[in-house]
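Following: one structure in structure tokens, then a few remarks.
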Amino acid sequence: MTRQKIEIKKIDNIAARQVTFSKRRRGLFKKAHELATLCDADIALIVFSASGKLFDYSTSSTQELLRRQNMVPENNNFTQPVAVASSQLGNSVHAELAEEFATKTNELRHMRGEELQGLGIEELKQLEKLLEIGLSRVVETKDEKFLKEIGAIKEKEALLMKENQRLRNQMANLNGEQEQAVIGGHNNSLGSNTSNSSSSANPNSQHYDSSDISLELGL
């Protein structure tokens, strides 16, 4: 069974493109290692992903190989192709980043309800579904925050009620102590008045008792 030939063109699906990039990059580094081992060659590879991430492979030091490459005369046949390839690589990365930025910008505008005329029915349905999911998550998060705030308010209310009850008990104790002090002072005042009244009512009681005793002795 023969392998199907893959058409060499840009992969539109971002996930599939990333998977293919990872596989081909590992394969490229493996081939470079085999070439360096079989032919005793110094090889340096520099690869930038679509997101700008750097991957490199070198049989020795990448900096050393680059320094050797810079020492090659300018009229060398390999100098110009390398520069052209580097420029093309930079332009390709820039173009991909610009395209991705434009795509994300359009998606954001669609989420805001702008520029929807160019979308088809299926695309509008998919956008509606995404908006419903996003709205449900927003409502759920809002409800959770409301419940947390209500719980915090109830806890604060309970603490305030507890503190209010403590203050009431303290005031009641103070009022009870003051009433007891007033009652005690009133009772002391009544006792002293009663004693004074008795003394003033019978001023000659002692004199009369002594007279009675003398009379009894005479008889």
Side-chain angles (χ1 to χ4, degrees), residues 1-38 43-59 62-63 65-66 69 78-157:
M1 182 176 179
T2 60
R3 296 179 60 183
Q4 184 180 1
K5 185 176 181 181
I6 300 175
E7 184 180 0
I8 303 300
K9 66 176 184 179
K10 180 181 176 180
I11 301 174
D12 295 330
N13 188 288
I14 297 177
R17 187 193 310 164
Q18 182 64 31
V19 172
T20 303
F21 172 78
S22 299
K23 291 182 178 179
R24 294 298 182 94
R25 173 178 54 82
R26 289 194 294 267
L28 179 62
F29 288 175
K30 181 179 179 181
K31 291 295 183 182
H33 175 71
E34 292 176 356
L35 178 61
T37 303
L38 294 174
I43 299 177
L45 292 178
I46 299 176
V47 180
F48 286 94
S49 65
S51 60
K53 188 175 181 180
L54 172 64
F55 299 91
D56 62 338
Y57 168 80
S58 177
T59 54
T62 304
Q63 296 293 334
L65 294 179
L66 290 176
Q69 188 269 336
F78 295 100
T79 304
Q80 185 176 359
V82 170
V84 172
S86 178
S87 177
Q88 291 177 352
L89 178 61
N91 293 335
S92 176
V93 172
H94 182 270
E96 290 183 1
L97 291 176
E99 182 182 356
E100 185 176 358
F101 176 77
T103 302
K104 296 299 182 182
T105 303
N106 291 331
E107 291 179 358
L108 180 60
R109 289 176 180 174
H110 295 161
M111 296 292 288
R112 293 177 177 175
E114 302 174 357
E115 302 180 2
L116 301 177
Q117 293 78 8
L119 299 179
I121 296 177
E122 295 298 329
E123 292 175 340
L124 290 174
K125 288 182 179 180
Q126 185 178 3
L127 178 61
E128 182 182 8
K129 185 176 180 180
L130 291 175
L131 290 175
E132 289 177 353
I133 295 174
L135 180 60
S136 63
R137 291 177 179 176
V138 170
V139 173
E140 183 179 355
T141 304
K142 182 190 68 174
D143 293 341
E144 289 179 357
K145 289 186 177 294
F146 274 149
L147 292 176
K148 289 182 180 180
E149 291 182 359
I150 292 173
I153 292 174
K154 288 183 177 180
E155 291 180 358
K156 187 176 181 180
E157 181 183 4

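Remark: E100 pairs with no residue by the side chain to side chain donor-acceptor pair (under 3.5 Å) rule, at least two apart or across chains. For K10, the side chain to side chain donor-acceptor pair (under 3.5 Å) criterion is met by E99, not counting sequence neighbours.
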Original post:
Step by step, would you call L28 with Y57 a side chain to side chain contact (heavy atoms under 4.5 Å, CB included)?
Top reply: CA-CA 10 Å; L28 179 62; Y57 168 80; over 6 Å; no

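Residues F29 and H33 have side chains not in contact (no heavy-atom distance under 4.5 Å, counting atoms from C-beta outward). Under the 4.5 Å side-chain criterion, counting only non-hydrogen atoms from C-beta, I133 is in contact with R137.
Of all heavy-atom pairs between L54 and F48, the closest is CD1-CZ, 3.7 Å. The two residues I43 and A32 make their nearest non-hydrogen contact at CD1-O, 3.3 Å. The minimum heavy-atom distance linking T59 with A36 is given by the pair CG2-CB, 3.3 Å.
To the nearest 0.5 Å, the span separating CG on L147 from CD on E144 amounts to 8.0 Å. With rounding to the nearest 0.5 angstrom, the CD1 atom of I150 is 8.0 Å from the CZ atom of F146. For the atom pair K125 NZ and L127 CG, the distance stands at 13.5 Å (nearest 0.5 Å). Taking NZ from K145 and OG1 from T141, the interatomic distance works out to 7.5 Å, rounded to the nearest 0.5 Å. Separation of atoms CD (E132) and CG (L130) is listed at 9.5 Å; rounding is to 0.5 Å. Atom CG of residue L131 and atom CD of residue E128 lie 8.0 Å apart, to the nearest 0.5 angstrom.
The neighbour count for L38 CG, taken as heavy atoms of other residues, nucleotides or ligands under 6.0 Å away, is above 12.
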